[in-house]
Amino acid sequence: MASLSFHFCVLMVMFAGLISPPICHARFQEPKKHVPLFILGDSLFDPGNNLYLNTTPESSAFWPYGETFFKRATGRFSDGRLVPDFVAEYMNLPMIPPYLQPGPQRFIDGSNFASAGAGVLPETNFEVISLPQQLRYFKGMVKVLKHQLDDAEAKKLLKRAVYLFSIGGNDYLHFYDENTNASQSEKREYVGIVIGNLTIALKEIYGLGGRKIAFQNAGLLGCLPSSRSGTKNGACAEKPSALARLHNMALAKALKELESSLPGFKYAIFDYYKAISQRTDNPSKYDFKEAKTACCGSGQYWASNCGGERGRKKFELCRIPGDYLWFDGGHGTERANRQLAELLWGGGPSSTAPRNLKQLVELEIM
């Protein structure tokens, strides 16, 4: 990679009262085969953006989060690395830091805008960085790239880049909590709203030069330890999972339509729902000893309070996180994340379609 010589920094004040990190600008030559990675999403992909929000600190800011790999809490909701961390490694990129992390950042490698608790719709959680806000941050970063390079080179970089998403699950968990007895037509209407807003965001990214879109679809929401803890016998909750299935079908249809209507638009969908279903049904096949109870937490299925709310509550912690599918009530262990990343990156059509992420990265977009 070309070395950087930083000349000056500017503090960019962004939307919604949130302040971006100081950004150092530089002029440099960028490798021709280099493919950046831009990440948008929720807690499954958040490397610590929420640590920089003016809200109550996340549990992921404290032990035992991060202990397996980082030996400290980083804001990631896992004992170690997340799927995008492994993907960056497979792409020969450095680990992509949180966009809001203070200090200079190499936006030519990409940036991570994901925020724990975020939804496609802002009303899903007003205290975090919703997808529209993440998109506003992305637009601000594009301006920085155009300064670092020039308009033409920035456009080439954005066209070559991969845009990796994990978003939607929180929207459906929120809808389920607020509408437990929703009719089928109401569920379909809500899915339509989520997909409609997601499509608008994708078209905006396309308008800025983005062409390669990758999605981790909505997971098996009803089988999270946090969902099981709310059922009478610990069985999976069917209604949240049914919403996820509706979303996933609509997402696949929407992306196929975008590929047909937008020249150069290409996509990949990793079937996260299926991957978690397989590991839930047959954990030993995938080298897990436990797929119902979390490694860290308290209460039924250790579904809550991992970290004990900074010492205020007692919680349990397993001895070997890699034996578990789930680290806490809603997030996988590093071992699970590595398996998922491998399927996203190099999986066959039954896992990631219509192409896997490696194939998407290698596509030449004219």
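Just the heavy atoms: all of them, side chains too, but no hydrogens, waters or symmetry mates, feed the values below.
- Looking at Arg211, its side chain does come within 3.5 Å of a backbone N or O of Tyr206 through a donor-acceptor pair.
- No side-chain donor-acceptor contact under 3.5 Å links Arg338 to the backbone of Arg81.
- Contact of the Phe107 side chain with the Leu157 side chain is not registered, since no non-hydrogen atoms from C-beta on lie closer than 4.5 Å.
- Nearest heavy-atom pair, Lys203 versus Leu258, reported as atom, atom and distance to 0.1 Å: CE-CD2, 3.7 Å.
- In the hydrophobic clustering of ILVMFWY residues, with side-chain heavy atoms under 4.5 Å counting as a link, Met141 and Leu53 come out together.
- Here the CG atom belonging to Asp150 is positioned 12.0 Å from the NZ atom belonging to Lys155, to the nearest 0.5 angstrom.
- Here the closest heavy-atom approach between residue Ala244 and residue Gly219 is recorded as CB-O, 3.2 Å.
- Of the charged side-chain nitrogens involved, at least one lies within less than 4.0 Å of a carboxylate oxygen, so that Glu362 and Lys358 count as a salt-bridged pair.
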Exercise for the section: Evaluate the side-chain contact (heavy atoms from CB on, under 4.5 Å) criterion for residues Asp287 and Arg335: first the C-alpha distance (whole Å), next the side-chain angles of each, then the deciding distance (0.1 Å), finally the verdict. Expected result: CA-CA 9 Å; Asp287 297 324; Arg335 185 176 200 175; 3.3 Å; yes
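- The OG1 atom of Thr352 sits 8.0 Å away from atom CG of Asp271, with the distance rounded to the nearest 0.5 Å.
- For the pair Phe327 and Cys306, the minimum side-chain heavy-atom distance is below 4.5 Å.
- Smallest separation of non-hydrogen atoms from Ala275 and Leu343: CB-CD1, 4.1 Å.
- Under the 4.5 Å side-chain contact rule for hydrophobic residues, Met249 and Ile269 share a cluster.
- Between the side chains of Ser115 and Asp46, not a single donor N or O lies within less than 3.5 Å of an accepting N or O.
- Here the CG-CG distance, from Leu208 to Leu135, works out to 7.0 Å after rounding to the nearest 0.5 Å.
- Pro97 places a side-chain heavy atom less than 4.5 Å from the side chain of Gln105.
- In this structure, Phe270 and Leu357 have side chains that are not in contact, with every pair of non-hydrogen atoms separated by 4.5 Å or more.
- Under a 3.5 Å cut-off, the side chain of Asn50 and the backbone N or O of Ala116 do form a donor-acceptor pair.
- Panel note: side chain Asn248, backbone Asn217; no donor-acceptor pair is recorded below 3.5 Å.
- A centroid separation of 6.0 Å or more is found between the aromatic rings of Tyr324 and Phe288.
- Between the OH atom of Tyr172 and the CG atom of Leu221 there is a distance of 9.5 Å, given to the nearest 0.5 Å.
- Without hydrogens or angle criteria, Glu342 side chain to Gly347 main chain gives no donor-acceptor distance under 3.5 Å.
- What you find for Gly330 and Leu44 is that their closest heavy atoms are O-CD2, 4.1 Å.
- Sulfur-sulfur distance for Cys318 and Cys296: not below 2.5 Å, with no disulfide indicated.
- The shortest side-chain heavy-atom distance between Val191 and Val194 does not fall under the 4.5 Å cut-off.
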Exercise for the section: Could you walk me through whether Met91 and Trp345 pass the side-chain contact (heavy atoms from CB on, under 4.5 Å) test, one step at a time? Expected result: CA-CA 9 Å; Met91 292 175 66; Trp345 177 253; 3.6 Å; yes
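- Following chains of ILVMFWY side-chain contacts shorter than 4.5 Å, one cannot reach Phe77 starting from Tyr272, and the two form parts of different hydrophobic clusters.
- Counting only N and O atoms by type, the side chains of Arg76 and Tyr65 include no donor and acceptor under 3.5 Å apart.
- Distance check: Leu262 CG to Ile213 CD1 gives 10.0 Å after rounding to the nearest 0.5 Å.
- When atom types are taken as modelled, the side chain of Thr180 and the backbone of Asp177 share no donor-acceptor pair closer than 3.5 angstrom.
- No side-chain N or O of His34 forms a donor-acceptor pair with one of Asn92 less than 3.5 Å apart.
- Taken to the nearest 0.5 Å, the CG atom of Asp79 stands 3.5 Å off from the OG1 atom of Thr68.
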Practice task
Assess whether side-chain contact (heavy atoms from CB on, under 4.5 Å) is satisfied between Trp302 and Phe315, documenting all intermediate values.
Solution key: CA-CA 8 Å; Trp302 294 6; Phe315 68 97; over 6 Å; no
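- By the 4.5 Å heavy-atom criterion applied to side chains, Ile167 and Leu40 are not counted as neighbours.
- Looking at heavy atoms from C-beta onward, Glu89 lies out of side-chain contact with Leu93 at the 4.5 angstrom threshold.
- Salt-bridge check for Glu238 with Arg245: passed, with a basic side-chain N closer than 4.0 Å to an acidic carboxylate O.
- Annotation for Leu82 and Ser78: closest pair CD2-CB, 3.8 Å, computed over non-hydrogen atoms.
- Nearest approach of Ala73 to Ser60, heavy atoms of both residues: CB-O, 3.4 Å.
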Under 3.5 Å, which donor-acceptor pairs do the side chains of residues 124-131 form with other protein atoms, sequence neighbours left out?
unit_1 : atom_1 : unit_2 : atom_2 : d
Thr124 : OG1    : Leu121 : O      : 3.4
Thr124 : OG1    : Asp171 : OD1    : 2.5
Asn125 : OD1    : Glu127 : N      : 3.0

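- With Ser227 contributing its side chain and Cys223 its backbone, the two residues share no donor-acceptor pair below 3.5 Å.
- Using a 4.5 Å cut-off between side-chain heavy atoms of Ile, Leu, Val, Met, Phe, Trp and Tyr, with links allowed through other members, Leu198 and Ile193 fall into the same hydrophobic cluster.
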Exercise for the section: Test side-chain contact (heavy atoms from CB on, under 4.5 Å) on Phe175 and Asn170 and set out the steps. Expected result: CA-CA 8 Å; Phe175 178 83; Asn170 289 318; over 6 Å; no
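- The hydrophobic clustering, which links ILVMFWY residues whose side-chain heavy atoms are closer than 4.5 Å, places Val361 and Ile365 together.
- Not a single donor-acceptor pair under 3.5 Å links the side chain of Thr231 to the backbone N or O of Ala237.
- Between Arg160 and Glu364 there is no salt bridge, since no side-chain nitrogen of the basic residue lies less than 4.0 Å from a carboxylate oxygen of the acidic one.
- For Asn305 and Ser298, the side-chain atoms include at least one donor-acceptor pair closer than 3.5 Å.
- Between the Glu316 side chain and the Gly299 main chain, no donor and acceptor come within less than 3.5 Å of each other.
- Inter-residue side-chain proximity for Thr333 and Leu325 is flagged as unmet; no heavy-atom pair is nearer than 4.5 Å.
- Without hydrogens or angle criteria, Lys292 side chain to Gly234 main chain gives no donor-acceptor distance under 3.5 Å.
- For residues 250-267, the side chain to side chain donor-acceptor pair (under 3.5 Å) pairs, not counting sequence neighbours, are Glu259-Arg355.
- At a cut-off of 3.5 Å, with distance as the only test, a side-chain donor of His331 or Asp328 sits close to an acceptor on the other residue.
- The aromatic ring centres of Tyr137 and Tyr99 sit less than 6.0 Å apart.
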